Amino acid sequence: MGSRRLLFLVPLAVFAIVAAIAAYYLSSGRDPRLLPSALIDKPAPVFAAADLAVGETIVAKGFSSAFFKDRITVLNFFASWCAPCLVEHPQITALSKVRGVTLVGINYKNKPDEAAAWLARHGNPYARIGVDPTGDLAPEFGLYGVPETFLIGPRSRIRLKHVGPITISVLKDKFLPAIEALKQ
């Protein structure tokens, strides 16, 4: 009878342990939304991304990592099937209008015709768009998913990485100050 009673206490003990671990992490002051990137202050990975093309028609010219040299670049990984990409699109468009910044995109695991239709419907703020149809480029950038956005400095060094959609506050509090710091 005593061992049966202990058996009923096992789930309670497991719950107590999980709750204690959760409480520790929540009280540690660490923001679970912050995902560290080993690429910060490192050169951008070397790559070449093909044009976004539908059949014979080039919708947007692709680019390579050499494109980052001698300019401030915002690199945005996006897809037409990505709902958060649509949410951040006004902020991405705003970034494209910042003086001294070039906005480029990588269309991630997306059919070219669907990407072209999405851009036609919502607007194309990108100076160039490369494609990553199979996701081969994503691991080079440590991508967790889309959208993800990188700020790359004039010497092709990654200065900022943001996972998830860029909100108005992320734009104002993270990207714009970081861009201004690079301009100095």
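Heavy atoms only: backbone and side chains are in, while hydrogens, waters and symmetry mates are out. Just so it is clear, the structure is predicted and the values come from calculations on it, not from any experiment.
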Check against side chain to side chain contact (heavy atoms under 4.5 Å, CB included), His162 and Phe175: CA-CA 9 Å; His162 180 74; Phe175 276 91; 3.7 Å; yes
What pairs with Phe67 under ring-ring contact (aromatic ring centres under 6.0 Å, His included), at least two apart in sequence or on another chain? Phe63
Between Phe78 and Ile106, is there a side-chain heavy-atom distance shorter than 4.5 Å? no
Geometric class of the Trp81/Tyr108 ring pair [parallel <30°, tilted 30-60°, perpendicular >60°]: tilted
May I ask whether Val163 and Ile166 are part of the same hydrophobic cluster, defined by side-chain heavy atoms of I, L, V, M, F, W, Y residues being less than 4.5 angstrom apart, directly or through others? no
Answer yes or no: are there more than 12 heavy-atom neighbours, outside Arg121 itself, under 6.0 Å from its atom CZ? yes
Under 3.5 Å, side chain of Gln91 to main-chain N/O of Leu171, donor-acceptor pair present? no
Cationic N near anionic O, under 4.0 Å, Asp132 to Lys109: no
Would you say Ile92 and Val59 are hydrophobically clustered, going by side-chain heavy atoms of ILVMFWY under 4.5 Å? yes
Looking at side-chain heavy atoms only, is the closest gap between Ile129 and Leu119 below 4.5 Å? yes
On the 0 to 90° scale, with breaks at 30° and 60°, tag the His89-His122 ring pair as parallel, tilted or perpendicular. perpendicular
Treating Ile, Leu, Val, Met, Phe, Trp and Tyr as nodes and any side-chain heavy-atom pair under 4.5 angstrom as an edge, say whether Ile152 and Phe77 lie in one connected cluster. yes
Do the side chain of Lys111 and the main chain of Pro133 share a donor and acceptor less than 3.5 angstrom apart? no
Between Arg159 and Asp41, is any pair of side-chain heavy atoms under 4.5 Å apart? yes
Backbone N or O of Phe47 within a donor-acceptor pair of the Ser65 side chain at under 3.5 Å? yes
Within the side chain of Asp51, is there an N or O that forms a donor-acceptor pair under 3.5 Å with the backbone of Ala53? no
Nearest 0.5 Å please: distance from the CG atom of Leu52 over to the NZ atom of Lys61. 12.5 Å
Do Glu88 and Asn76 have a side chain donor and acceptor closer than 3.5 Å? yes
Taking the side chain as C-beta and beyond, is there a heavy-atom pair between Lys183 and Val98 under 4.5 Å? yes
Between Leu95 and Ile179, is any pair of side-chain heavy atoms under 4.5 Å apart? yes
Are any non-hydrogen side-chain atoms of Phe150 and Leu160 less than 4.5 angstrom apart? no
Any side-chain heavy-atom pair from Val104 and Thr73 closer than 4.5 angstrom? yes
Short question: side chain of Arg128, backbone of Gly62 - any donor-acceptor pair under 3.5 Å? yes
Can you check whether Cys85 reaches Val146 side chain to side chain, under 4.5 Å on heavy atoms? yes
